[in-house]
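Notes for the one structure printed next.
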Protein chains: 2
Amino acid sequence: MTAAHDEIFRTLADPTRRAIFERLCREGEKTVGALTARAGVSQPVVSKHLAALKRAGLVRDRPEGRQTHYSAEFAALAPLVDWANEMTSFWEKKFDALEDLLKRMDQ
Amino acid sequence: MTAAHDEIFRTLADPTRRAIFERLCREGEKTVGALTARAGVSQPVVSKHLAALKRAGLVRDRPEGRQTHYSAEFAALAPLVDWANEMTSFWEKKFDALEDLLKRMDQ
DNA sequence: TTGATGTATAGCTGGTGAGCTATGAATTGG
DNA sequence: CCAATTCATAGCTCACCAGCTATACATCAA
């Protein structure tokens, strides 16, 4: 349902959180400390954002000793793309309908 | 930059607002009154959401007499899809790199 | 002109969440 | 065993925003 999209949209809506996710996509697995270094916010905030991303299924954590490695879960973006494609599909259907109409008017 | 995505994500993050946008996509142009009828919120709230959607470029308004018709602006979803595709592209690049590595190790 | 209708705006309130500091918990090094 | 490091959690504050009602504004009908 729409509830599934809800968490993804809401999670990616925050710029700081989206930036963290983007870094994980571009640069691969990173520790909390490495992410904090250039996040522009404090370490607890980064941890909180990572927890939110994990709840949404957008990242995966790999604890190793006293540090935790996070990596992007690309597949989690699929519902978002599917949703967007579904929305635009209604647009195409309208064109199809218009095309149909014009074809009928032609006859 | 990311600021462009920012407004789109933030605008679509709200369930009520996204539902309104979805209805405009599925059912085409609608007046404020028609949208309010099944929105589950008051008319001023619907108007406010429509204003937000318009600011984000997601809808277009067509005033006609005392009522205003709104319709979806499908093209506005493009940046969202592009962003998602860009993110997943990093995933594919990693596979390419891995493939490269394995190929080299084979030699 | 007057009243009714459709939409937008103003102003308020409550809830949510992003940021902070302080601290707890777990692990590593000496 | 002790100190340092790394991360997560707790508790707080502040700003923002979705929702409401009331009302202004514009348009149509009679």
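Note that the structure is a prediction, hence the values are computed from the model and not measured.
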Select one nucleotide: of [options], the one nearest the side-chain heavy atoms of [X].
X	options	answer
B:H49	C:dT7, D:dA18, C:dG17	D:dA18
B:S47	C:dC20, C:dT9, C:dA18	C:dT9
B:R17	C:dT28, D:dA18, C:dA8	D:dA18
A:Y70	C:dC20, D:dA8, D:dC7	D:dA8
B:T16	D:dT5, C:dT7, D:dG19	D:dG19

(request) May I ask you to verify if any side-chain N or O of B:S42 is less than 4.0 angstrom from the OP1 or OP2 atom of D:dC20? (result) yes
[X] [atom1] to [N] [atom2]: how many Å, rounded?
X	N	atom1	atom2	result
A:L53	D:dA8	CG	C1'	15 Å
A:R55	C:dT16	CZ	C1'	13 Å
A:K30	D:dT6	NZ	C1'	17 Å
A:R62	C:dT27	CZ	P	15 Å
A:D61	D:dA8	CG	P	8 Å
B:K54	C:dT9	NZ	C1'	14 Å
B:R10	C:dA18	CZ	C1'	14 Å
B:K48	C:dG11	NZ	P	13 Å

Mind checking if [X] touches a base, just sugar-phosphate, or nothing, with heavy atoms under 4.0 Å?
X	result
A:T68	sugar-phosphate
B:P44	base
A:V45	base

(message) So, taking the atom named CG in B:D6 and the one named CG in A:D14, what distance separates them when rounded to the nearest 0.5 Å?
(response) 8.0 Å
(request) First locate atom OG1 of A:T68, then atom CG of A:L35, and finally report the distance between them rounded to the nearest 0.5 Å. (result) 11.0 Å
(message) One thing to verify: whether B:E7 and B:R55 come together as a salt bridge, which I'm taking to mean a side-chain N less than 4.0 angstrom from a carboxylate O.
(response)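 No, B:R55 and B:E7 are not salt-bridged.
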(request) Considering only NZ, NE, NH1 and NH2 on the basic side and carboxylate oxygens on the acidic side, decide whether B:R26 and A:E86 come within less than 4.0 Å. (result) yes
(request) Let me know, please, whether B:L50 or A:D14 comes out on the 5' side of the other along DNA chain C by nearest nucleotide. (result)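 Closest to the 5' end, via its nearest nucleotide, is B:L50.
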(request) Using heavy atoms to find the nearest nucleotide of DNA chain C for A:G65 and A:Q43 separately, return the residue whose nucleotide is more 5′. (result)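 Result: A:Q43.
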(message) At less than 3.5 Å, do the side-chain atoms of B:R66 and the base atoms of C:dT7 form a donor-acceptor pair?
(response) no
(request) Evaluate the ring planes of A:W83 and B:F21, with Trp represented by its six-membered ring, and classify them as parallel (under 30°), tilted (30 to 60°) or perpendicular (over 60°). (result) tilted
